[in-house]
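The block underneath contains the structure these notes are about, expressed in structure tokens.
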Amino acid sequence: MTDNTPAAPRPTNFLRQIIEADNAALKWGVGPDNRPRVHTRFPPEPNGYLHIGHAKSICLNSGLARDFAGAFNLRFDDTNPAKEEQEYVDAIIDDVRWLTNDYEGLRFGGVFYASNYFGQMYDWAVELIRKGRAYVCDLSPDQVSSMRGSVGVPAQSPFRDRPAEESLRLLEEMRAGKHPGGSHSLRARIDLASPNFVMRDPVMYRIVHEHHHNTGNAWCIYPMYDWAHCLEDSLEGITHSICTLEFRNNRPLYDWFIDAINEGRTEDGSGPWGKRIHHPQQIEFARLNLTYTVMSKRFLLQLVKDARVSGWDDPRMPTIRGLRRRGYTAHAIRAFCEDIGVTTQESVIDVTRLENAVRDHLNTTAPRTMAVLRPLKVTIENWPAGHTELLDFVINPEDPAAGTRKIPFTGTLYIERDDFMEAPPKKFFRLAPGQEVRLRWAYFITCTGVEKDASGNITGVRATYDPATRGGDAPLNPDGTPGRKVKGTIHWLSADHAVQAEVRLFDRLFLAEEPGKRTGNQLDDFNPDSLEVIRALVDPALAHATPGDTYQFERLGYFCADKDSAPGKPVFNRTVTLKDTWAKAQHAGG
RNA sequence: UGGGGUAUGGUGUAACGGUAGCACGACUGACUCUGACUCAGUUAGUCUAGGUUCAAAUCCUAGUACCCCAACCA
């Protein structure tokens, strides 16, 4: 049918360019399908919940795998039992699945754990000692620190020339639990005078007597990031090991460890050390920064602990779980990540782009409904008493296939307070004394009067309806054109049918574009009024909304039923408002 | 101070010695039974100073600004 239509040009970026070049040269060989091999991974440490920054990495890695017909692994970089927990493992798996499950064409390689490679890593460490590339150091962390040297001054270790046999014996003792934490470490023998501090005989193993969520008490020595990560990638056959910019300095070490293992090894496995191991390529990219958002796991944890938010899944949190609960879709997050691109330059993305991404997606998918956040009563004076009419309501104008449903109309309605003004400014197209508006999909009404209480507050308005406008269409002239134009259309609810609902309105968690930039303390920019809970009225069809159901409340925004909902007692989170040029103009005008 | 990085409209991102393009935003206007969506138009940029070249965002030199690195964290 449209086979000749050229594929839409994908946004190019430096990673795609690297992969395309690698594929052209068959740098990584071919996969089972005989296509150039591409294998990526997302390697979180299970020490917290995933946030939108991680989503960028997940989308990047899985997107590359998908587009180049490769595979994508989720792998836990669980090498530090002191900080990691099963709770985080479970949450991360769930979030990654949620984000990638409906990602068409993605080949998910599976869930892996660095801790499952501890045995192999240990064997390789022994090999490095034998090759003279590593040694056990008896310095304490404090001593290493004081002897690490400085710019131009080499580090020192009195143990680096210790005989291999002695190191081997000590490493075995370390593993056997014969030494307390901090008393020994295994270090790579590289260069104590390197201008790159990462290369000054980095620690490979440290002693940690802690329970590990996966390996239990099987180990009391744990590999450091640099020693572990390249091996994890190698073992899984990762081709492009994509990480963030701050690991740039670690790249020489990544390569050094693999090279050290491969030293003396051969392609066919002949020789004393066996076959060469796979050497992936580390590539760095700039992590995501968002305006008005703090991304550090440490800080997010603090917000949770201090109860400034209700938890990791608080809809105001930039966590995947928070975004999910707020009503963001995986599709929208992926579109956002695609939209912002990827480079090696640091940048700060405007959060409104994330908001635009959900609006875009929800606009096409969310069923429409009407809700009144701040009700004002309208009495239709010429409506037959006790009469109820069912009118057709278009479920989604963007999706005609969604069809229509019936909504009840009566002589007592609620409209939005903002949609009435007693003394309106120019270009106020809504309801005002003597002014006519359209009630969405219902009737034209004209305001005939205002009701006030003793202190002059408006308590309701009166209006008359035009029976000839049923359904919301103006009566036609003899020539078929609309008889009269009404500029304003407002939403409404039948007072007899509207259902009470709790609605949670969110504002940004921080008041400054870059929280903490001025004072150094992000809490100084914390927004104490980021949550507003109101009692609103919603369409009766929403009384039994189930958690996760997303709607557009027409003219207001997108709302998602919260898990706190109960049958007949729905709770909605406002995902994002609709754009509102009227409100914007009002603010601009003062 | 040593090493490693990065500089393109307001924001983000293309360009790979040959017309600085795209997206978002902003501003106009059109359309509209959501002041939404959609559509059209306008706006505005190569960090600085030299140099090479017919031609420089791109190459060279010297600066400037910002980020990362001296955890037995990742």
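The structure displayed is predicted, hence computed values, not measured ones. Below, chains carry the letters A, B, ... as their sequence lines are ordered, and counting in each starts from 1.
- Between the CZ atom of A:R353 and the P atom of B:rG10 there is a distance of 15 Å, given to the nearest Å.
- Of the candidates B:rG35, B:rG3, B:rA74, B:rG35 carries the atom nearest the A:R555 side chain, counting heavy atoms from C-beta on.
- Counting any heavy atom pair closer than 4.0 Å across all strands shown, A:G182 reaches a base atom.
- Comparing B:rC22 with B:rA62, their C1' atoms are spaced 34 Å from each other, to the whole Å.
- Side-chain atoms of A:Q17 and base atoms of B:rC16 include a donor and an acceptor less than 3.5 Å apart.
- Spacing between atom CZ of A:R16 and atom P of B:rA14 amounts to 12 Å, rounded to whole angstrom units.
- Atom CE in A:M199 sits about 17 Å away from atom P in B:rA71, given to the nearest Å.
- Put simply, the side chain of A:I407 reaches to within 4.5 Å of the side chain of A:R405, judged on heavy atoms.
- A:G341 comes within 4.0 angstrom of no nucleic acid atom, judged by non-hydrogen atoms across all strands.
- Among the protein residues, A:E554 comes within range of the nucleic acid bases, having at least one heavy atom under 4.0 Å from a base atom.
- In this structure, a donor-acceptor pair under 3.5 Å is present between the side chains of A:N356 and A:R359.
- One atom, NZ of A:K487, and another, C1' of B:rU32, lie 8 Å apart when rounded to the nearest Å.
- At a threshold of 4.0 angstrom between heavy atoms, the contacts of A:R430 include nucleobase atoms, whether or not backbone atoms are also involved.
- Taking every side-chain heavy atom of A:T581 into account, B:rA36 is the closest of B:rA74, B:rC69, B:rA36.
- Using a 4.0 Å heavy-atom cutoff across all strands shown, A:F393 reaches no nucleic acid atom at all.
- Using a 4.0 Å heavy-atom criterion, one finds that A:N250 contacts the bases of the nucleic acid, with or without backbone contacts as well.
- Nearest nucleotide to the A:K83 side chain, out of B:rG35, B:rC73, B:rU34: B:rC73.
- For the side chain to side chain donor-acceptor pair (under 3.5 Å) with A:R555, the qualifying choice from A:T577, A:D418, A:D419 is A:D419, the only one to do so.
- Base pairing of B:rU13 is made with B:rG21, judged by Watson-Crick or G-U wobble geometry with both donor-acceptor distances under 3.5 Å.
- Between the base of B:rU34 and the side chain of A:Q552 there is a donor-acceptor pair shorter than 3.5 Å.
- By the 5.5 angstrom centroid cut-off and the 30-degree plane limit, A:Y225 is classified as not stacked against the base of B:rA74.
- Across all strands shown, B:rA74 remains unpaired; no Watson-Crick or G-U wobble contact has both distances below 3.5 Å.
- Counting non-hydrogen atoms under 4.0 angstrom, A:H184 reaches a base of the nucleic acid.
- Residue A:K579 places its side chain closer to B:rA36 than to any other of B:rU34, B:rC73, B:rA36.
- Relative to the side chain of A:F197, the nucleotides B:rG2, B:rC37, B:rU34 differ in distance, and B:rG2 lies closest.
- Looking at A:D339, its side chain never comes within 3.5 Å of a backbone N or O of A:A335 through a donor-acceptor pair.
- A:P397 comes within 4.0 angstrom of a base, heavy atoms only.
- Proximity of A:T79 to the phosphate of B:rA74: a side-chain N or O atom is located under 4.0 Å from OP1 or OP2.
- Considering only side-chain atoms of A:N196, the nucleotide from B:rG3, B:rG2, B:rC24 that sits closest is B:rG3.
- Minimum atom distance to the side chain of A:K584 is reached by B:rC27, of the listed B:rC27, B:rA36, B:rC69.
- For the pair A:E20 CD and B:rC16 P, the interatomic distance rounds to 15 Å; values are reported in whole Å.
- No contact: A:Y222 has no heavy atom under 4.0 Å from any strand.
- Neither side chain, A:E355 nor A:T352, offers a donor N or O lying under 3.5 Å from an acceptor on the other.
- Residue A:I395 contributes atom CD1, which lies 18 Å from atom C1' of B:rC37 at whole-angstrom precision.
- In summary, the side chains of A:E232 and A:Y113 do not present any donor paired with an acceptor at a separation below 3.5 Å, with no hydrogens or angles considered.
- With distances taken from any side-chain atom of A:R368 to the nucleotides B:rA23, B:rU34, B:rG4, the minimum falls on B:rU34.
- Looking at A:N396, its side chain does come within 3.5 Å of a backbone N or O of A:T364 through a donor-acceptor pair.
- Of the candidate nucleotides B:rU13, B:rG2, B:rC37, B:rU13 has the atom lying nearest to any side-chain atom of A:T343.
- Atoms CH2 (A:W492) and P (B:rU34) sit 15 Å apart, rounded to a whole Å.
- Here, B:rU48 and B:rA57 have their P atoms 11 Å apart, quoted to the whole Å.
- Nucleotides B:rC16 and B:rG12 have their P atoms positioned 22 Å apart, rounded to a whole Å.
- Under 3.5 Å, the side chain of A:R251 and the base of B:rG4 form no donor-acceptor pair of N or O atoms.
- Contact of the A:R430 side chain with the A:F420 side chain is not registered, since no non-hydrogen atoms from C-beta on lie closer than 4.5 Å.
- Between the CD atom of A:E355 and the C1' atom of B:rU11 there is a distance of 14 Å, given to the nearest Å.
- With B:rG12, B:rC27, B:rU8 as the choices, the nucleotide that has an atom nearest any side-chain atom of A:S347 turns out to be B:rG12.
- Using a 4.0 Å heavy-atom cutoff across all strands shown, A:V486 reaches no nucleic acid atom at all.
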